[in-house]
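Everything on this sheet refers to the single structure shown next.
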Amino acid sequence: MSDEAAFDQRVRVAIATAIRARGGVPRLAEVAADLGSDLSAVSASFDRMIAAHVFIPERDSREIYAYDPFCVGPTDFRVRSDGREWWAICGWDALGIPAALGAAGTVDAACADCGHAISIAVDRDGSATANVTAVLNVGVPAAEFWKDIYFT
């Protein structure tokens with residue numbers, strides 16, 4: 001593994017650790033501080049990860065918008081799990097938050113068609129814990145997500 005790849009791996013672990021510890025997606029400067037690393041080195045790592053689609057940056061920025069399944073919030077998909085409130089950019093990611101945390105949770109959203117409130121209890125593996133009647137509509141084939149990730 002190259003030095004860059006090893007550093008990028010350390011940055012990824014630092015991001016995931018910060019999400020879990022702080023209950024939210026960290027800023028670039030926070031990741032640099034957590035690692036005790038130079039801001040420019042972490043910024044270069046973020047650039048490589050953005051190019052590799054490791055995370056979704058905020059528009060016209062290096063800052064993280066979504067480090068799947070977690071998103072800066074608030075969004076239309078709120079998840080309560082592991083004693084905290086989390087945000088996801090879509091229903092698919094919302095179901096993944098409890099699984100990523102290894103803790104049961106509740107996904108709250110609204111029907112995009114009628115606005116009806118939807119609340120789904122989710123087990124620690126991401127599966128619904130009760131019989132739920134809901135449809136998750138993904139309007140773009142997965143192979144096309146990165147063509148316009150902000151629309152998807």
Side-chain angles (χ1 to χ4, degrees), residues 8-37 39 42-43 45-142 144-152:
D8 291 352
Q9 181 63 30
R10 287 185 51 224
V11 171
R12 290 176 75 164
V13 169
I15 293 167
T17 300
I19 289 170
R20 181 68 184 237
R22 295 185 185 117
V25 177
R27 307 292 288 173
L28 193 155
E30 292 172 316
V31 175
D34 290 346
L35 289 171
S37 293
L39 185 62
V42 176
S43 182
S45 177
F46 271 39
D47 286 343
R48 289 187 296 274
M49 287 189 279
I50 290 166
H53 300 165
V54 171
F55 67 81
I56 302 169
E58 294 176 2
R59 286 187 188 271
D60 303 317
S61 173
R62 286 186 178 103
E63 296 293 352
I64 301 169
Y65 175 65
Y67 194 82
D68 289 332
F70 304 95
C71 184
V72 299
T75 68
D76 293 336
F77 301 91
R78 180 179 63 189
V79 179
R80 285 185 231 130
S81 182
D82 202 28
R84 292 189 170 145
E85 186 171 82
W86 308 87
W87 303 99
I89 58 173
C90 66
W92 186 271
D93 284 350
L95 293 171
I97 288 176
L101 297 170
T106 303
V107 173
D108 293 312
C111 174
D113 183 47
C114 69
H116 180 77
I118 300 169
S119 185
I120 301 172
V122 181
D123 204 347
R124 62 185 296 145
D125 68 359
S127 61
T129 59
N131 188 9
V132 176
T133 303
V135 175
L136 176 65
N137 183 16
V138 180
V140 176
E144 296 180 18
F145 283 0
W146 283 96
K147 287 183 179 177
D148 184 355
I149 195 65
Y150 302 101
F151 169 76
T152 304

So side chain to side chain donor-acceptor pair (under 3.5 Å) across residues 87-107, not counting sequence neighbours, yields none
Open item on the list: Check whether D82 reaches the backbone of R84 with its side chain - one donor and one acceptor, N or O, closer than 3.5 Å.
Closed with: no
Exercise. Within a radius of less than 6.0 Å around CG of D113, do more than 12 heavy atoms belonging to other residues, nucleotides or ligands occur?
Worked result: no
- Test item: I64 and I56 side chains (from C-beta on) under 4.5 Å apart, heavy atoms: no
What one should report as the nearest heavy-atom pair of S81 and A104 is OG-O, 2.9 Å
The reported gap from CZ in R27 to OG in S61 (rounded to nearest 0.5 angstrom) is 6.5 Å
Note: A110 and I118 closest approach over all heavy atoms is C-CD1, 4.1 Å
CZ (R62) and CG (D47) are apart, to the nearest 0.5 Å, by 4.0 Å
On a heavy-atom basis, the closest approach of V25 and I19 is CA-CG1, 3.9 Å
Residues 57-86 vs ring-ring contact (aromatic ring centres under 6.0 Å, His included), sequence neighbours excluded, gives F70-W86
By salt bridge (charged side-chain N to carboxylate O under 4.0 Å, His left out), D68 pairs with (sequence neighbours left out) none
Heavy-atom nearest pair, D8 first then R48, reads OD1-NH2, 2.7 Å
For E63 and L28, the nearest pair of non-hydrogen atoms, with its separation, is OE1-N, 2.8 Å
Output for pair (D76 CG, C90 SG), nearest 0.5 Å, gives 11.0 Å
Taking every heavy atom of D108 against every heavy atom of R80, the minimum-distance pair comes out as OD2-NH2, 2.8 Å
One should read off an interatomic distance between E58 CD and I50 CD1, to the nearest 0.5 angstrom, of 10.0 Å
Do any N or O atoms from the side chain of T17 and from the backbone of V13 form a donor-acceptor pair under 3.5 angstrom?
-> yes
Taking the side chain as every heavy atom from C-beta outward, state whether R124 and P98 have any atom pair closer than 4.5 Å.
no
Residues passing the side chain to side chain contact (heavy atoms under 4.5 Å, CB included) test with L95, sequence neighbours excluded, are V107, V122
Sequence neighbours excluded, the answer for salt bridge (charged side-chain N to carboxylate O under 4.0 Å, His left out) partners of R10 is none
R20 side-chain N/O to L101 backbone N/O, donor-acceptor pair under 3.5 Å = yes
Practice problem: Would you please test E85 and V79 for side-chain contact (heavy atoms from CB on, under 4.5 Å) and show each step? | Solution: CA-CA 6 Å; E85 186 171 82; V79 179; over 6 Å; no
Across all chains, not counting sequence neighbours, the salt bridge (charged side-chain N to carboxylate O under 4.0 Å, His left out) partners of D34 are R22
